[in-house]
Amino acid sequence: MAAQKGKAAKAPAKKTSKNSSVKKTAAKTAAKTVAKKAPAKAPAKVSAARSVPPKKIAAPAKSAPAAAPATKTPKNYDESQIKHLDALEHIRLRSGMYIGRLGDGSNQNDGIYVLLKEVIDNSIDEFIMGYGKKIDIAVKDNRVKVRDYGRGIPLGKVVDCVSEINTGAKYNDDVFQFSVGMNGVGTKAVNALSSYFRVVSVRDGECAEAIFEKGKLIKQRKGKLKEKQANGTFFEFVPDEEIFGKYTFNMEFVEKRIWNYAYLNEGLTLRLNGKEFKSDNGLFDLLNKEIEDACLYPIGSYVGKHIRFAFTHTNGYGENHFSFVNGQYTADGGTHLNAFKEGFVKGINDFYQESFRAEDVREGMASAVLVKVKDPVFESQTKNKLGNTDIRQWIVAEVQSGLIDWLHHNPQAADKIKEKIQTNEKLRTELSAVKTKAKEAAKKISIRIPKLKDCKFHVDDGAKGENSMIFITEGDSASGTMTHSRDASYQAIFSLRGKPENMYGKKQSEIYKNDELYQLMMALGIENDVANLKYGKIVIATDADNDGYHIRNLVMTFFLGYFEELVTSGRVFILETPLFRVRNKKENIYCYSEEERDKAQAKLGKSAETSRFKGLGEINPTEFRQFIEPETMHLTPVEISQLKMVPKLLGFYMGKNTPERRDFIEKHLLSNADIDA
């Protein structure tokens, strides 16, 4: 699960999100430095899910539309130029407005998982209203089937409910009071973006069926059932390859979503491909699975009519928050999460009769929060952030009173919490002195950050800076290439001198004493607070060789060890650049794997010339431009599956040379020739 952390600035729409579908994970990039495959029991759970553009890059930058001269004479702008699209045509043409991103299924935020979520959400809404205690789900060969046992769509409105925008019962408070989908779009988007879509509603011995292809109604029928069936609704769909390209459902991502539904809906049983998912303790189970043995005291929890939460503290840095609204995971938090954090601090200070600072109370905190809101207002159709402002007061008050009651009933845990807060105070004071010295030293070097080539707009600049990103490169050669290729309005570059220090296991104060890492923090704007992050994306751009993978691991160790919330909030990415170029006199094909290279060679014939790119500096700046343009850039989001795995992962790959790691290296060691071939 990607966790919402602290007060990190809002990321641009993603997509942002495992080891089976991922090339470059923190574990696998470490392994690639020394091995062909991970050990059987290696604790690798941090993953980077690759986001591949729908079309392969097959032409140099000079062939891009922006570089081509205009060949058409603009037509007169008159009534004849005005076009009207029906709702489903608009969804297919502007799918990003409805599902956020497309992707190929290698990222947990890819569109195919949004389609799955939209259908299951309808079944969850039935359960919330007290109808149906089980949901059957099947995902096989890119075909999805979902059967609930709720009331079933009214038979005369089955076609309308899955094809007519702004049609549904979610607008009726008497039918759905705490629904996730409030805009009548969900199943319509699934219908429009599927090559095959079928819906069947069963109500009291009768049924209605409708079949669509790409949003167009192909067949419908109604009648009485020959055999008795329980009421409910059945959906079946196949995401359209014309929209998504070649894709595959990663079942690890699917299972994670199903577990979330189980945690948020106690008493509901979900069956995925025959496997049962059920939670008896809700958010308590969620947090226990994420944190487990790292808790400083037993997980606390509160269950109210409209809010539930669970919490604990660990010895880690920063905060981890999993926030939900009516069953919807809000990756970017929102007013409900802010109100929860405010109420938690007030409850602590009220109970202890102290005036602890918020950062001392919440440092090392982990929580899961579910709020039920009658009319949720999300900032986008993908519902990543809640915008309701009228809910703050009651959430703050209920969290405060609920926490105080729990502390009174758990005095030993209350003592542990106070001890943790006092420790945080002491560490903050010590760290403040180190930060002051680091700032003074930085001022003596230069007012500017020597290795930073900044961009014009940042996240604080609103729409102009929402796509801002900073590339972390190795050496002047790579940064020189990128400097001449980038768009300086929103792309910044920070150049490392070489391999940064391995910061695994060191005190937080040590990173402020390291000149290069402190300059990196200043470049990002996080030397004081992660909330001040200047860029929407942090992109690690290293060479595809032994040293490049090592540098990548060292940078990710730095982020995961001290600024984990940058990773869990979806800010950190890896830039994938082509390993090979295969060309003849007519065509250039850029390949990101040996398999792609072989296919390109077969396509272009024996006369084709093949080049191997070992470093970013080897690629011509004009040629390189297309690899960092938004439409053609390959970015791999770095994601965490479970927080409890991070210490094990870093310890195994970046810690001391234990016997287990020595055995791993001896069994799987690669030479430089093997790695760079």
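- Looking only at distances, no side-chain donor or acceptor of Asp285 sits under 3.5 Å from a matching main-chain atom of Ser279.
- Ring-centre distance between Phe324 and His336: not below the 6.0 Å cut-off.
- Side-chain contact annotation: Asp125 with Tyr131, donor-acceptor N/O pair under 3.5 Å absent.
- A distance of 5.0 Å separates CG in Asn315 from NZ in Lys420, rounded to the nearest 0.5 Å.
- Here the side chain of Asp148 pairs a donor or acceptor atom with the backbone of Thr233 at under 3.5 angstrom.
- Nearest approach of Gly536 to Val459, heavy atoms of both residues: N-CG1, 3.3 Å.
- The shortest distance between side-chain heavy atoms of Phe127 and Ile135 does not fall below 4.5 Å.
- Summarising the geometry of Ile395 relative to Ala339, their closest heavy-atom pair is CG2-CB, 3.6 Å, with the distance given to 0.1 Å.
- Rounding to the nearest 0.5 angstrom, the gap separating the CE atom in Met654 from the CG atom in Leu554 is 4.5 Å.
- Of the possible polar contacts, none joining the Asn320 side chain to the Ala366 backbone as a donor-acceptor pair under 3.5 Å is found.
- Of the possible donor and acceptor atoms, one in the side chain of Thr335 sits under 3.5 Å from a partner among the backbone N and O of Asn388.
- Between the Glu363 side chain and the Gly318 main chain, a donor and an acceptor come within less than 3.5 Å of each other.
- When side chains are defined from C-beta on, Val373 does not count as touching His306, because their heavy atoms never get closer than 4.5 Å.
- At least one side-chain heavy atom of Met251 sits under 4.5 Å from a side-chain heavy atom of Asn273.
- Ring pair Phe344/His313 is tilted by interplanar angle, where 30° to 60° counts as tilted.
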Run the side chain to side chain contact (heavy atoms under 4.5 Å, CB included) check on Arg151 and Met129 step by step: do they pass?
CA-CA 10 Å; Arg151 291 165 287 186; Met129 294 305 296; 4.0 Å; yes

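- For Phe563 and Phe558, the distance between ring centers is under 6.0 angstrom.
- No donor-acceptor pair closer than 3.5 Å links the side chain of Asp110 to the backbone N or O of Ile112.
- Evaluated for a side chain to side chain contact (heavy atoms under 4.5 Å, CB included) with Ile511, the options Glu527, Lys506, Met503 yield exactly one hit, Met503.
- Side-chain atoms of His321 and Val369, non-hydrogen and from C-beta on, never get closer than 4.5 Å to each other.
- The shortest non-hydrogen separation linking Arg203 to Ile153 is CD-O, 3.3 Å.
- Ionic pairing of Glu255 and Lys275 is present here: one or more N-O contacts between side-chain nitrogen and carboxylate oxygen are shorter than 4.0 angstrom.
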Let me see the working for Lys507 and Glu510 under salt bridge (charged side-chain N to carboxylate O under 4.0 Å, His left out), right down to the final yes or no.
-> CA-CA 5 Å; Lys507 292 182 179 180; Glu510 294 298 313; over 6 Å; no

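- No donor-acceptor distance shorter than 3.5 angstrom exists from the side chain of Tyr113 to the backbone of Val254, with no hydrogens or angles considered.
- Thr557 and Asn502 get closest at one heavy-atom pair: CG2-OD1, 4.0 Å.
- Side-chain N or O atoms of Asn514 include one that pairs as donor or acceptor with a backbone N or O of Leu517 at under 3.5 Å.
- Distance CG/Asn122 to NZ/Lys117: 9.5 Å, rounded to 0.5 Å.
- Side chain of Asp350 to main chain of Lys346: no donor-acceptor pair is present (N/O by atom type, distance under 3.5 Å, no hydrogens or angles).
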| said: Using the rule given for side chain to side chain contact (heavy atoms under 4.5 Å, CB included), can you reason through Asn265 versus Ile124, listing the C-alpha separation, both sets of side-chain angles and the distance that settles it, and then say yes or no? | reply: CA-CA 8 Å; Asn265 299 278; Ile124 295 296; 3.8 Å; yes

Margin query: Go through it in stages, so that I can follow the logic: the residues are Leu272 and Leu270, the test is side chain to side chain contact (heavy atoms under 4.5 Å, CB included), and I'd like the CA-CA distance, side-chain angles, deciding distance and then a yes or no.
Written below: CA-CA 6 Å; Leu272 172 63; Leu270 301 103; over 6 Å; no

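- Residues Met556 and Val567 form no side-chain contact, since every pair of their non-hydrogen atoms from C-beta on lies 4.5 Å or further apart.
- Counting only distance, with no hydrogens or angles, the side chain of Thr312 and the backbone of Tyr297 share a donor-acceptor pair below 3.5 Å.
- Within the 4.5 Å cutoff, side-chain heavy atoms of Tyr302 are placed close to those of Ile307.
- Distance check, rounded to the nearest 0.5 Å: CD1 of Ile258 to CD1 of Ile137 gives 3.5 Å.
- Within the 4.5 Å cutoff, no side-chain heavy atoms of Leu386 are placed close to those of Val371.
- Stacking of Arg257 on the aromatic ring of Phe253 is not recorded, the 6.0 Å distance cut-off and the 45° axial limit not both being met.
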| said: Is there a side chain to side chain contact (heavy atoms under 4.5 Å, CB included) between Phe311 and Arg362? Walk through the geometry before answering. | reply: CA-CA 10 Å; Phe311 63 92; Arg362 300 202 305 260; over 6 Å; no

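- In this structure, the separation between CD1 on Ile299 and CG on Asn288 is 4.5 Å, given to the nearest 0.5 Å.
- Considering Leu116, Leu115, Val114, Ile120 as possible partners of Glu118, the one that fulfils the side chain to side chain contact (heavy atoms under 4.5 Å, CB included) test is Val114.
- Looking at heavy atoms from C-beta onward, Ile417 lies in side-chain contact with Tyr352 at the 4.5 angstrom threshold.
- More than 12 heavy atoms of other residues, nucleotides or ligands sit less than 6.0 Å from atom CD of Gln422.
- Note that NZ of Lys513 is 11.5 Å distant from CD of Glu501, once rounded to the nearest 0.5 Å.
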